[in-house]
Amino acid sequence: MSAQTPKLAFVTPSYHKDFERCRLLVESCDRYVPRQYHHWVLVPRRDEKLFAPLNSSRTHVIAQEDVLPYWMRQVKSAPKFWLSLRSLPVRGWIVQQLVKLNVCAAIDADAFACVDSGCFFVQPFDPLASHYKDGKLLLFREVGPQFLTEENRVWHAVASKLLGTEPLPSPNRSYVSLVVYFWRHVLRAMQNHIEALHGVDWRVPICRTRSFSEYLVHGAFCDDLLKDSAKMYRDDRLFAHCHWGTVPLGAEGLRKMKEEMPPERLLVMINEKSGTPLKLIREVFFT
């Protein structure tokens, strides 16, 4: 890690169905994020040609296979799954999480800002100016009864098993955000910890899980094991403006969403399942 200001890179896993949304994110980065921050888009090798037009002096498209083990390969006839020699076939959304947790293997940076391909920036954003304080990066963490769900309980149980920690009786914390920061030294420490505990490649026990949250495992590792040595500070202030609904937003709905957006919100996410046309999103937010 740099002794001075850390070198930080943006990271976005994506795939062919998210290409246009990812293009919008890349365009928003070019508009609002200082050019010293490079943006790495990781896609299955079969999608590299499709994403190639996004390559530029600061945006780099690379294959997810470059950060995955040799024993994992995508199934051509069923692209939602990846073949694994050490587990049952792995779902694509878990593979994307593995990719995030191993970006340190392919990208030369001290820290990484994982940005979901389904969102886009709407105002100037410098991650180190906004979320780096006294040598610590932001660890977004929310706590509250709204997280006492079965899904969150399962994610915590999986994290406890992976990390060898005592399960929380009533897990009510969440680390999920549309921008999540990782330190290189934390990713390496977590990988080494899981391997030492389970006696196999750190990815094997993850591939063998049916439900998994990379952000929760990372957050639990920082909070429950690394503590101060994680070099992260905690904050629960939201900086993304989201439409989670599945009802399409028309031009009027998008304009209302934009008008009602609190000034501290840096980026916008509109649920792909809402079917809101990207053309309308561009017209409202980028013209």
Side-chain angles (χ1 to χ4, degrees), residues 11 13 42 64-73 80-107 111-114 116 137-143 147-232 234:
V11 173
L42 296 98
Q64 292 180 355
E65 284 85 343
D66 291 344
V67 298
L68 291 171
Y70 71 90
W71 42 267
M72 292 185 69
R73 288 293 179 266
K80 289 184 178 180
F81 291 90
W82 290 65
L83 283 179
S84 166
L85 298 178
R86 302 188 182 183
S87 70
L88 293 174
V90 185
R91 293 183 181 274
W93 62 273
I94 287 186
V95 171
Q96 284 202 3
Q97 296 181 76
L98 289 173
V99 166
K100 295 177 195 177
L101 295 179
N102 202 34
V103 291
C104 52
I107 302 171
F112 310 93
C114 292
D116 189 273
L137 277 172
L138 168 68
L139 177 63
F140 181 79
R141 181 182 67 186
E142 294 181 282
V143 177
F147 300 113
L148 294 173
T149 64
E150 178 61 17
E151 181 179 52
N152 200 42
R153 185 197 66 77
V154 171
W155 284 350
H156 274 83
V158 169
S160 294
K161 186 174 181 181
L162 281 171
L163 300 176
T165 55
E166 192 69 27
L168 298 176
S170 297
N172 65 342
R173 60 186 182 180
S174 173
Y175 301 90
V176 177
S177 179
L178 294 179
V179 178
V180 174
Y181 297 100
F182 296 145
W183 282 113
R184 171 181 291 275
H185 81 275
V186 170
L187 290 179
R188 288 301 193 197
M190 185 169 66
Q191 294 170 7
N192 293 337
H193 176 82
I194 294 173
E195 288 189 353
L197 185 67
H198 296 272
V200 293
D201 184 304
W202 63 273
R203 289 159 290 205
V204 173
I206 295 175
C207 287
R208 292 174 179 172
T209 63
R210 303 182 69 178
S211 185
F212 173 70
S213 168
E214 80 283 34
Y215 295 152
L216 195 149
V217 169
H218 168 262
F221 183 66
C222 291
D223 271 347
D224 301 337
L225 294 173
L226 287 191
K227 303 185 185 300
D228 289 343
S229 64
K231 296 186 181 298
M232 305 199 83
R234 282 70 175 166

Under the criterion side-chain contact (heavy atoms from CB on, under 4.5 Å), I'd like the reasoning laid out for F112 against K100: C-alpha separation, chi angles, the key distance, then a yes or no. CA-CA 9 Å; F112 310 93; K100 295 177 195 177; over 6 Å; no
Side chains of [X] and [Y]: closer than 4.5 Å at any heavy-atom pair?
X: S87; Y: V204; answer: no
X: L101; Y: L187; answer: yes
X: E142; Y: F147; answer: yes
X: N102; Y: R188; answer: yes
X: L98; Y: M72; answer: yes

Before you tell me yes or no, could you show the steps for E195 and D201 under side-chain contact (heavy atoms from CB on, under 4.5 Å), namely the whole-Å CA-CA distance, both residues' side-chain angles and the distance that decides it to 0.1 Å? CA-CA 6 Å; E195 288 189 353; D201 184 304; 4.2 Å; yes
Apply side-chain contact (heavy atoms from CB on, under 4.5 Å) to the pair V217 and F212, showing each step before the final yes or no. CA-CA 8 Å; V217 169; F212 173 70; 3.3 Å; yes
Got a donor-acceptor contact below 3.5 angstrom from the [X] side chain to the [Y] backbone?
X: R184; Y: I107; answer: yes
X: H193; Y: L163; answer: yes
X: W82; Y: V95; answer: no
X: R208; Y: R86; answer: yes
X: Q191; Y: W202; answer: no

Which heavy atom in [X] sits nearest to a heavy atom in [Y], and how many Å separate them?
X: C222; Y: R234; value: O-NH2, 3.6 Å
X: G219; Y: L139; value: CA-CD1, 4.2 Å
X: A113; Y: Y181; value: CB-CE2, 3.7 Å
X: V200; Y: P205; value: CG2-CD, 3.7 Å
X: H156; Y: R173; value: CE1-O, 3.1 Å
X: L168; Y: P171; value: O-CD, 3.4 Å

[atom1] of [X] to [atom2] of [Y]: how many Å apart, nearest 0.5 Å?
X: L216; Y: N152; atom1: CG; atom2: CG; result: 6.0 Å
X: S229; Y: H185; atom1: OG; atom2: NE2; result: 6.0 Å
X: Q64; Y: Q96; atom1: CD; atom2: CD; result: 5.5 Å
X: M232; Y: F182; atom1: CE; atom2: CZ; result: 8.5 Å
X: Y215; Y: Q97; atom1: OH; atom2: CD; result: 8.5 Å
X: I94; Y: R210; atom1: CD1; atom2: CZ; result: 10.0 Å

Any chance the side chains of S211 and W155 put a donor and an acceptor closer than 3.5 Å? yes
Working for side-chain contact (heavy atoms from CB on, under 4.5 Å), residues L226 and F221: CA-CA 6 Å; L226 287 191; F221 183 66; 3.4 Å; yes
